[in-house]
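Chain naming here is simple, since letters A, B, ... match the order of the sequence lines and numbering starts at 1 in each. Heavy atoms only: backbone and side chains are in, while hydrogens, waters and symmetry mates are out.
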Number of protein chains: 2
Amino acid sequence: MAVQTQMLTNGVNVDQLVGTIEAIKAKPDLARFTFRAQTEWIGGGHSRTQIQSFYGAGQEDTSRAEPFVLEGDEPPVLLGENHGPNAVEAVLHALASCLAVGFVYNAAAQGIRIDSLAFDLEGELDLHAFLGLSDKMRPGYERIRLTYRVKSNAPREKLEELCDYVQKTSPVLDIIRNPVPVTIDLAN
Amino acid sequence: MAVQTQMLTNGVNVDQLVGTIEAIKAKPDLARFTFRAQTEWIGGGHSRTQIQSFYGAGQEDTSRAEPFVLEGDEPPVLLGENHGPNAVEAVLHALASCLAVGFVYNAAAQGIRIDSLAFDLEGELDLHAFLGLSDKMRPGYERIRLTYRVKSNAPREKLEELCDYVQKTSPVLDIIRNPVPVTIDLAN
């Protein structure tokens with residue numbers, strides 16, 4: 001396999017990672033990405049999202065022959081039919097997925113071998129605001145707690161240092177911990 | 001079908017919605033929910049999240065016989081293999097899924113019929129911070145833009161009013177627009 005001639009750590013092509021960093025240093029606009037999603041309401045709490053194209057590294061990406069399809073729904077206690085996880089559960093997935101990439105890519109860049117990595121997440125919220133019963137409580141998570149377990153050739157101290165760095169550079173953690181402006185418009 | 005004897009608007013059981021609101025007014029703790037996810041890193045940019053149980057309405061939910069499984073990965077340009085959408089794309093899905101529920105449930109509560117509802121989303125970010133090339137740029141989305149299209153028996157003005165209300169009460173929109181505390185700990 002051609003891939004065996006490349007430098008792979010944690011399944012990450014470190015040569016490509018270094019190449020990407022050098023390319024962006026030379027041409028900063030390559031770092032600009034626009035991600036997209038299209039969502040259609042199906043009925044009740046059920047909706048379906050398709051994700052395929054994006055713009056990045058100076059061009060439209062064409063690597064995905066078919067869109068990814070994600071179902072969203074509520075459980076019966078929240079008036080849905082469990083066609084998929086609900087929206088706030090999807091946020092937990094997005095967060096863990098982002099931290100996994102950050103952890104593993106940065107470990108690879110530093111020559112740290114990761115043998116396994118897993119996350120347990122929980123988020124607490126109160127329905128009062130969503131149901132219009134309070135304008136003092138927030139509708140979203142009051143807090144999110146994440147615990148991770150990792151097997152690696154690096155000592156615990158080194159892994160915690162890595163995790164601190166990952167937390168500073170994680171896109172989804174930033175989106176959750178800090179405000180992102182969102183504009184919402186009704187099409188003409 | 002028994003369901004036909006119930007008041008269904010937009011596929012939403014309005015009787016159950018009203019019942020939920022009354023139950024929470026009588027016993028506020030029923031509004032407290034804890035959602036959960038477990039994520040396992042597979043290799044490279046690929047991870048897998050399982051979502052099943054949660055606590056809410058005063059008890060552990062048992063409505064899901066099997067966990068939902070969500071794949072996360074990066075596209076090749078970001079050193080992955082497209083086993084799933086990436087983490088920031090999953091955020092767009094979570095946002096639209098949440099707004100769909102808010103829009104449709106609140107429309108049902110107000111007697112507004114929704115015939116169709118769809119969302120186009122895009123989020124812009126710059127990789128400099130993720131790659132450690134800037135500590136001035138943010139790693140997450142600089143902005144998210146969402147456009148929605150809706151067919152309904154309600155006039156445009158009424159739909160925009162509904163959308164304003166939904167924006168005030170949407171859990172995921174709140175999570176994105178406002179800071180959420182996240183604690184991250186390495187298990188012992």
>> Looking only at heavy atoms and a cut-off of under 4.5 Å, which of B/Ala100, B/Ala90, B/Gly123 has the most pairs with chain A?
In response: B/Gly123
> Given the rule in the salt bridge (charged side-chain N to carboxylate O under 4.0 Å, His left out) test, do B/Glu40 and A/Arg149 qualify, once you have shown the distances and angles that lead to the verdict?
Replying inline: CA-CA 10 Å; B/Glu40 189 186 6; A/Arg149 287 163 282 124; over 6 Å; no
>> What part of B/Leu133 gets within 4.5 angstrom of chain A, counting heavy atoms only: side chain, backbone, both, or neither?
In response: side chain
> Taking A/Ser47, A/Gly84, A/Gly45, A/Ala109 one by one, which has the highest count of heavy-atom pairs under 4.5 Å against chain B?
Replying inline: A/Gly84
> Ring centres of B/Tyr148 and B/Phe103 under 6.0 Å apart?
Replying inline: yes
>> At a 4.5 Å cut-off on heavy atoms, which part of B/Ala129 comes close to chain A: side chain, backbone, both, or neither?
In response: backbone
> What residue in B/His128, B/Gln50, B/Arg143, B/Met137 has the most heavy-atom pairs under 4.5 Å with chain A?
Replying inline: B/His128
> By a 4.5 Å heavy-atom criterion (distance strictly below it), what part of B/Asp115 contacts chain A: side chain, backbone, both, or neither?
Replying inline: backbone
>> Just so I understand: if I count every heavy-atom pair under 4.5 Å between each of B/Lys168, B/Arg145, B/Glu71, B/Glu142 and chain A, which residue has the most?
In response: B/Glu142
>> Quick check on B/Ile51 against chain A: is it the side chain, the backbone, both or neither that has a heavy atom closer than 4.5 Å?
In response: side chain
> Is chain A contacted by the side chain of B/Pro28, its backbone, both, or neither, given a heavy-atom distance below 4.5 Å?
Replying inline: both
> Contact part of B/Leu173 toward chain A, heavy-atom cut-off under 4.5 Å: side chain, backbone, both or neither?
Replying inline: side chain
>> Below 4.5 Å, heavy-atom pairs only: which of A/Asn106, A/Leu95, A/Leu186 has the largest tally toward chain B?
In response: A/Leu186
> Tell me, side chain or backbone of B/Phe35 under 4.5 Å from chain A's heavy atoms, or both, or neither?
Replying inline: both
>> I need the residue from B/Arg32, B/Glu74, B/Gln52 with the largest number of non-hydrogen atom pairs under 4.5 Å to chain A.
In response: B/Arg32
>> Is B/Asn188 in contact with chain A via its backbone, its side chain, both, or neither, using a 4.5 Å heavy-atom distance?
In response: both
>> At a 4.5 Å cut-off on heavy atoms, which part of B/Asp185 comes close to chain A: side chain, backbone, both, or neither?
In response: both
> Is it the backbone or the side chain of B/Thr147 that comes under 4.5 Å from a heavy atom of chain A, or both, or neither?
Replying inline: both
